[in-house]
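Input: a single structure, listed below in structure tokens.
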2 protein chains.
Amino acid sequence: MRYIIITMNGLDLAILGLLHEQELHGYEIRRRLRDDLGLFANISFGSLYPALSRLERAGLVVTTIDEGRAGRAPIPLTGSLGGERAVLRARRAGVGRAPSSRRSRKVYRITESGRDQFTRMLEDGAAASTDDDRGFGLRLAFARHLSPRARLRLLEGRRAHLAERLAAETARAGGGGLDPYTRSLAQHASEATERDITWLDHLIESERLGLDDSTSSHVPAPDPATTKGSNP
Amino acid sequence: MRYIIITMNGLDLAILGLLHEQELHGYEIRRRLRDDLGLFANISFGSLYPALSRLERAGLVVTTIDEGRAGRAPIPLTGSLGGERAVLRARRAGVGRAPSSRRSRKVYRITESGRDQFTRMLEDGAAASTDDDRGFGLRLAFARHLSPRARLRLLEGRRAHLAERLAAETARAGGGGLDPYTRSLAQHASEATERDITWLDHLIESERLGLDDSTSSHVPAPDPATTKGSNP
DNA sequence: GTCATCATGTAAGCCGTTACATGATTGC
DNA sequence: GCAATCATGTAACGGCTTACATGATGAC
């Protein structure tokens, strides 16, 4: 039993969220933060490694040393003369990614205590993180681990905050005396916030449908978000 | 002559930018940062006052004590330039609210050295601040103090950065394996970036027109940005 | 044999926050 | 008289960055 109290900032939460699915080593955690979540883009090692140590000291994760395992021969590294970097990339990044022998690395695995803490913090923050852009994004990225009710609270809280923000922004854009650049900036910002709100409204709506379907049961994977594409 | 080297972070730049137009006291600077610029929303006094002291020590601003003057004394701080605007601003600052005597306050005025430093930093940063959202917003808000050329560089640099960001975001949104929430988030982010780019393209276009009009002359107030409204 | 990439860390510092401390003036 | 607002500051701390330090491996 560890009673170390941990502040649990955003980075810690994000790390536990990633480890919730599978064990990873530090370098790879950084890659996923960037490529998969898009949050904490290029977090520095000066933040990452101390965070991992902290989590370990707090007993929320445990580590095992993954010594260089060249013997498994998972990837024909030198053999391919095609020089297809894409193949390596895809392998490394995606599903078929076997741990190629590199330097010995520390593999982090979440503990039961870590899972508890993660869930608690995710729910606690959902109520209060509405005014923090990254905090909200982080919570939404892990929203599948929230109960339908908590999820709805998160979305509605965020919406309320954005409505306030929009009011301030339209006031600014509408007020006189600003030079063209500042005005254009303010106008663009208010339009962006409007779209954010519309987007949230869609999420909220489909969330409500999910709630009505199965009353008071907390299924983990309810309903796909609005699927409107804009890319080829 | 002061030779104190100052790092000149965003807040310092914003303060000098506001003081560029008229002298102000600390509390009012904070209000304008929030209400007029929308940047550094609710900057804390724990940041603001030390910043002002720093600027004063560096000789970029000077202070005078504005002792409590209970008599109506309308706007004692109409600076030399931008007079007509200053009056309007001060009047509208509080609808019925003449700047009545409060506690004695320190009024900050920018020095010649401060103006030089401001301009230099604004131009220097214009080349490099493209990857910093707030840094860019700040520069654009003061873009009227930039030469048309520097302004164009600022906008184009930002555009290039956003194009990179968009590539990463569409890759994320398009890639498989994400849960609905994360995917929706990624998609929404990429759409927002697309709009940012479109907006920048309009700004760049009208900036180019301004350049063509008066070749190689650097007029301070060139061309109003695209004026398309979305609010009542 | 040297460079790029993978991999893990520490130290110093910047930029901003909250909490604390003080005080004047206006309005109820 | 008391609360709200205006007004100026200091102290402590948090989160993240850059720069520094080390080392293995594979590619050229």
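These figures come from a predicted structure and were not determined experimentally.
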Using a 4.0 Å heavy-atom cut-off, does [X] contact any base of the nucleic acid, only the sugar-phosphate backbone, or nothing at all?
| X | value |
| --- | --- |
| B:Ile43 | sugar-phosphate |
| A:Gly26 | sugar-phosphate |
| A:Arg134 | sugar-phosphate |

Nearest-Å distance for atom pair [atom1]/[atom2], residues [X] and [N]:
| X | N | atom1 | atom2 | value |
| --- | --- | --- | --- | --- |
| A:Arg105 | D:dA24 | CZ | C1' | 12 Å |
| A:Arg34 | D:dC16 | CZ | C1' | 17 Å |
| A:Tyr49 | D:dT18 | OH | P | 16 Å |
| A:Asn42 | D:dC16 | CG | P | 14 Å |
| B:Glu56 | D:dG9 | CD | C1' | 13 Å |
| A:Phe40 | D:dG14 | CZ | P | 17 Å |
| A:Leu39 | D:dC16 | CG | P | 12 Å |
| A:Phe45 | C:dA7 | CZ | P | 9 Å |

Which nucleotide in the set [options] lies at the smallest distance from any side-chain heavy atom of [X]?
| X | options | result |
| --- | --- | --- |
| A:Pro50 | C:dT10, D:dG9, C:dG9 | C:dT10 |
| B:Tyr108 | D:dG9, D:dT8, D:dG15 | D:dG9 |
| B:Tyr27 | D:dA7, C:dG16, C:dT10 | D:dA7 |
| B:Asn9 | C:dC15, D:dC16, C:dT10 | C:dC15 |

- Message: Run the salt bridge (Lys or Arg N to Asp or Glu O under 4.0 Å) test against B:Arg109 and tell me which residues pass, sequence neighbours left out.
- Response: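 Listed in chain order: B:Glu23.
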- Does a side chain donor of either B:Asp179 or B:Thr182 reach within less than 3.5 Å of an acceptor in the other side chain?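 Looking only at side-chain atoms, B:Thr182 and B:Asp179 do form a donor-acceptor pair, the distance falling under 3.5 Å.
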- Close approaches to DNA chain C from residues 122-133 of chain B, in residue order (heavy atom, under 4.0 Å):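 Here the set is empty: none.
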- Presence of A:His25 side-chain N/O under 4.0 Å of C:dT8 phosphate oxygens OP1/OP2: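 For A:His25, the contact criterion (side-chain N or O under 4.0 Å from OP1 or OP2 of C:dT8) is not met.
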- Query: Can a side chain N or O of A:Ser44 be found less than 4.0 Å away from OP1 or OP2 on D:dT17?
  - Reply: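 Affirmative; the distance criterion is met.
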- Item | Residue pairs fulfilling ring pair (Phe, Tyr, Trp, His ring centres under 6.0 Å) with at least one residue in residues 156-175 of chain A, sequence neighbours excluded |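 Passing the test, one end in residues 156-175 of chain A: no pairs.
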- Item | With B:His20, the ring-ring contact (aromatic ring centres under 6.0 Å, His included) member among B:Phe118, B:Tyr108, B:Phe142 |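 Result for ring-ring contact (aromatic ring centres under 6.0 Å, His included) with B:His20: B:Phe118.
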- Using a strict cut-off of less than 4.0 Å between a Lys/Arg side-chain nitrogen and an Asp/Glu carboxylate oxygen, indicate whether A:Arg158 and A:Asp132 qualify as a salt bridge.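 No salt bridge links A:Arg158 with A:Asp132.
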- Query: Any donor-acceptor pair under 3.5 Å linking the side chain of A:Arg151 with the backbone of A:Ala143?
  - Reply: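 Indeed, once roles are kept as given, a pair shorter than 3.5 Å links the two residues.
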- Item | Cation-pi geometry met for A:Arg30 and A:Phe45 (6.0 Å, 45°) |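 Yes - A:Arg30 lies over the ring of A:Phe45, closer than 6.0 Å to its centre and within 45° of its axis.
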